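In what follows, every chain begins at residue 1, and chains take the letters A, B, ... in the order their sequences are listed. Owing to the predicted nature of the structure, the values given are computational and were not obtained by experimental measurement.
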Amino acid sequence: MTSAENQHSIRAYYEALYRAWGPQHWWPARTRFEVIVGAYLTQNTSWKNVEIAVRRMRTAHLLSIDAIRTILLKKLEAVIRPAGYYRQKAERLKTFVAFVDHRYEGSLHRLFAQPTPQLREELLSLNGVGPETADSILLYAGQHPVFVADAYTRRIVERHGIASAETKYDELRELFERALGVVKPAKLRTESQEQETGFRPNPHSPSRMSQARRSPVVQIYNDMHGLIVAVGKHYCLKATPRCEGCPLQAFLF
DNA sequence: TTCCGGCCGG
DNA sequence: CCGGCGGGAA
């Protein structure tokens, strides 16, 4: 299967999933810092456990840079314990805050004002930040146009023959970014280009007002990842897939 | 008891 | 490239 055909398939997956389930409002409880916390806590961990830990952090008033900076490490460990791997995650959250303090004067605004490639490399240099965590922070906390190619993404496209086990993370991410549309800095997308790609923002979507300044590409990456998470959780299960009723079933060959 | 799922260090 | 890291829910 050619690269162009794979990109076309991924665009078709997005349209089928969006038609079936609509926008996902994925990662909804957002301050930016809460998104970052979630990106760390969800490493190799189910979202239910993360939600419990985040609720405990909110109750303890720990969902801010200032709070993580000053909280005792052992206390933070105890609060986030339901998320699992709580010792390394507590230390990594401390590491992130120290990084923002020293490099960006404690300002997430300054952090996310950096160009995407440089910021991505800086995040990847942090202990506890790999590709998926970095990209989740970039996309969901910073509104940078980066696709989060997580384990669900890989599982789905491998089972559909679009990628293999040898496909590297960045290859997978770039495949989705090419398929779903990258930002073109030289000139704005035209109406005819939007028609070619089939993108139709829904003016009555409840998400549109709260996401008013989000670029179309970021919107698509956000929705697509949320849709893929839904597929992975409910249909493309790890052990045995349940293809019956899956919006992507028709795309299996 | 099994299932689930990122990153690091040796 | 493997073992370790930890919990909640089925």
Practice problem: Examine A/I36 and A/I52 and state if one hydrophobic cluster contains both, with Ile, Leu, Val, Met, Phe, Trp and Tyr joined whenever side-chain heavy atoms are less than 4.5 Å apart. | Solution: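 Different clusters.
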Quiz prompt | For A/E121, all residues meeting side-chain contact (heavy atoms from CB on, under 4.5 Å), sequence neighbours excluded | solution =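 Partners of A/E121 under the side-chain contact (heavy atoms from CB on, under 4.5 Å) test: A/L124.
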Self-check item: Residues from residues 148-157 of chain A lying under 4.0 Å of DNA chain C - heavy atoms
Solution: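 Those residues whose heavy atoms fall under 4.0 Å from DNA chain C, taken from residues 148-157 of chain A, amount to none.
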Practice problem: Measure the CG-CG distance between A/L93 and A/L41 for me, rounded to the nearest 0.5 Å. | Solution: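 It is 6.0 Å, given to the nearest 0.5 Å.
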Quiz item: Rounded to the nearest 0.5 Å, how far does OG1 of A/T45 lie from NZ of A/K89?
Solution: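 One gets 3.0 Å once the value is rounded to the nearest 0.5 Å.
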Self-check item: Non-neighbouring partners of A/Y13 that pass ring pair (Phe, Tyr, Trp, His ring centres under 6.0 Å), sequence neighbours left out
Solution: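 Partners of A/Y13 by the ring pair (Phe, Tyr, Trp, His ring centres under 6.0 Å) criterion, ordered by chain and then number, come out as A/H160, A/F251.
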Quiz item: Quick one: ring pair (Phe, Tyr, Trp, His ring centres under 6.0 Å) partners of A/Y85, sequence neighbours excluded?
Solution: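 Per chain and number, A/Y85 pairs via ring pair (Phe, Tyr, Trp, His ring centres under 6.0 Å) with no residue.
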Practice problem: Let me know, please, whether A/A134 or A/L237 comes out on the 5' side of the other along DNA chain B by nearest nucleotide. | Solution: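 Whichever sits nearer the 5' end wins; that is A/L237.
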Quiz item: Starting at the 5' end of DNA chain B and moving along, which residue's nearest nucleotide shows up first, A/Y85 or A/N127?
Solution: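 In this pair, the answer is A/Y85.
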Round to the nearest Å and state the distance from [X] atom [atom1] to [N] atom [atom2].
| X | N | atom1 | atom2 | value |
| --- | --- | --- | --- | --- |
| A/Y169 | B/dC8 | OH | P | 13 Å |
| A/L126 | B/dG6 | CG | C1' | 15 Å |
| A/R242 | B/dC4 | CZ | C1' | 16 Å |

Exercise. For residues 228-253 of chain A, pull every pair meeting side-chain hydrogen bond (donor to acceptor under 3.5 Å, both in side chains), keeping only residues two or more places apart or in separate chains.
Key: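 Applying side-chain hydrogen bond (donor to acceptor under 3.5 Å, both in side chains) to every pair that reaches into residues 228-253 of chain A, excluding sequence neighbours, yields nothing.
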Quiz item: Using a heavy-atom distance cut-off of less than 4.0 Å, which residues of residues 86-102 of chain A contact DNA chain B?
Solution: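 Those residues whose heavy atoms fall under 4.0 Å from DNA chain B, taken from residues 86-102 of chain A in numerical order, are A/Q88, A/R92.
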Practice problem: Check DNA chain B against residues 41-59 of chain A and give the residues with a non-hydrogen atom under 4.0 Å, in numerical order. | Solution: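 Residues of residues 41-59 of chain A under 4.0 Å from DNA chain B: A/Q43, A/N44, A/T45.
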Quiz prompt | All side-chain hydrogen bond (donor to acceptor under 3.5 Å, both in side chains) counterparts of A/R92, not counting sequence neighbours | solution =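 Applying side-chain hydrogen bond (donor to acceptor under 3.5 Å, both in side chains) to A/R92 gives A/Q43, A/Q88.
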Quiz item: Does any pair with a residue in residues 46-72 of chain A pass ring-ring contact (aromatic ring centres under 6.0 Å, His included), and if so which ones, sequence neighbours excluded?
Solution: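 Output for this query lists A/W26-A/W47, A/W27-A/W47.
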Self-check item: Student check: side-chain heavy atoms of A/F147 and A/I228 closer than 4.5 Å
Solution: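 A/F147 vs A/I228: side chains touch.
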Quiz item: With A/R32, which residues qualify under salt bridge (Lys or Arg N to Asp or Glu O under 4.0 Å), at least two apart?
Solution: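 A/R32: no salt bridge (Lys or Arg N to Asp or Glu O under 4.0 Å) contacts found.
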Practice problem: Using the salt bridge (Lys or Arg N to Asp or Glu O under 4.0 Å) rule, collect all pairs that involve residues 93-110 of chain A, keeping only residues at least two apart or in two chains. | Solution: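 For residues 93-110 of chain A, and leaving out neighbouring residues, the salt bridge (Lys or Arg N to Asp or Glu O under 4.0 Å) pairs sorted by first residue read A/R69-A/D101, A/E105-A/R110.
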Quiz item: Is it true that atom CD of A/E34 has more than 12 heavy atoms of other residues, nucleotides or ligands lying nearer than 6.0 Å?
Solution: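 Buried by this count: over 12 neighbours within 6.0 Å.
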Exercise. Go through DNA chain B and write down every stem, that is, every run of at least three consecutive Watson-Crick or G-U wobble pairs with distances under 3.5 Å, as range with range.
Key: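 DNA chain B stems, ordered by first number: B:1-4 with C:7-10, B:6-10 with C:1-5.
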Quiz item: From B/dC4, B/dG6, C/dG7, pick the nucleotide closest to the side chain of A/K238?
Solution: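 Comparing B/dC4, B/dG6, C/dG7 against the side chain of A/K238, the answer is B/dC4.
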